[in-house]
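Inspection log for the structure reproduced underneath, given as structure tokens.
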Amino acid sequence: MKSSHIGWLAGVVGAAAIGTFFGVLYAPDKGKNTRSRLNYRLYRTRDRVNSLLEKINSTDENVFSKEAQEEGKKIIAELSERTEDLSSEIDALISQIRTQK
């Protein structure tokens, strides 16, 4: 291995160590608490999106044009799907972290 590669590798390892040190030093809370808080916010956002969906679906259909209704339903369906995907990813990450302990 060339000495320039060793210097580059030492720089990467040193930067990672410094980044980890400051990340731990300035972390706002324990990882478990942060993950729990993120999960709570994600579920809360999903509930709010579902609530908005119910309000829009129960609103008098004459208020919005048919085109606006269709576009709104598409957006809400996409948001719901993304929220579910994120929720599944977080659950998978949490279970993966738990199995690694």
Side-chain angles (χ1 to χ4, degrees):
M1 187 178 272
K2 292 182 179 178
S3 64
S4 64
H5 290 127
I6 293 172
W8 182 83
L9 186 60
V12 168
V13 171
I18 290 170
T20 301
F21 172 75
F22 282 108
V24 170
L25 187 65
Y26 290 108
D29 206 350
K30 292 180 178 178
K32 181 179 179 182
N33 295 340
T34 302
R35 287 188 299 275
S36 176
R37 208 177 301 149
L38 285 173
N39 205 15
Y40 170 76
R41 283 185 170 187
L42 186 61
Y43 282 115
R44 190 170 162 209
T45 302
R46 182 189 64 187
D47 291 343
R48 292 170 81 184
V49 168
N50 286 335
S51 175
L52 283 172
L53 177 63
E54 288 175 11
K55 281 183 184 177
I56 288 174
N57 284 336
S58 67
T59 303
D60 184 14
E61 293 189 14
N62 294 329
V63 174
F64 303 108
S65 70
K66 195 160 190 108
E67 186 176 297
Q69 290 175 12
E70 292 298 323
E71 190 64 29
K73 286 179 182 177
K74 285 180 187 175
I75 291 171
I76 290 171
E78 185 177 323
L79 285 174
S80 293
E81 185 176 318
R82 285 184 181 179
T83 304
E84 288 294 327
D85 290 345
L86 284 172
S87 177
S88 297
E89 288 178 20
I90 287 176
D91 288 341
L93 285 172
I94 288 173
S95 64
Q96 184 180 11
I97 289 170
R98 287 183 180 154
T99 57
Q100 290 179 352
K101 288 184 178 179

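Nothing fancy with the numbering, it's 1 onward along the sequence. Predicted model only: the values in this text are computed from it and were never measured.
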### Query
In the hydrophobic cluster built from side-chain contacts under 4.5 Å, what are the other members alongside Ile90?
Leu42, Leu86, Ile94
### Message
Can you tell me how far apart CD1 (Ile97) and CZ (Arg35) are? Round to the nearest 0.5 Å.
### Response
4.0 Å
### Task
Could you tell me which residues satisfy side chain to side chain donor-acceptor pair (under 3.5 Å) with Asn50, sequence neighbours excluded, listed by chain and number?
none
### Message
Tell me the closest heavy-atom pair linking Ser95 and Ala92, and the distance in Å.
### Response
OG-O, 2.9 Å
#### Entry: Which residues share a side chain to side chain donor-acceptor pair (under 3.5 Å) with Asp29, sequence neighbours left out
Asn33, Arg37
### Query
Which pairs, with at least one residue in residues 38-53 and sequence neighbours excluded, count as a salt bridge (charged side-chain N to carboxylate O under 4.0 Å, His left out)?
Arg46-Glu84
### For Leu52, the rest of its hydrophobic cluster, which grows through side-chain links under 4.5 angstrom
none
### Query
Among all residues two or more places apart in sequence or in another chain, which pass the side-chain contact (heavy atoms from CB on, under 4.5 Å) test with Leu38?
Thr34
### Query
Can you name the residues that form a side chain to side chain donor-acceptor pair (under 3.5 Å) with Ser87, not counting sequence neighbours?
Tyr43
### Query
Within the side chain of Ser80, is there an N or O that forms a donor-acceptor pair under 3.5 Å with the backbone of Ile76?
yes
### Task
Check side-chain contact (heavy atoms from CB on, under 4.5 Å) between Phe22 and all other residues, then give those that pass, not counting sequence neighbours.
Ile18, Leu25, Tyr26
### side chain to side chain donor-acceptor pair (under 3.5 Å) involving Glu78 - partner list, sequence neighbours excluded
Arg82
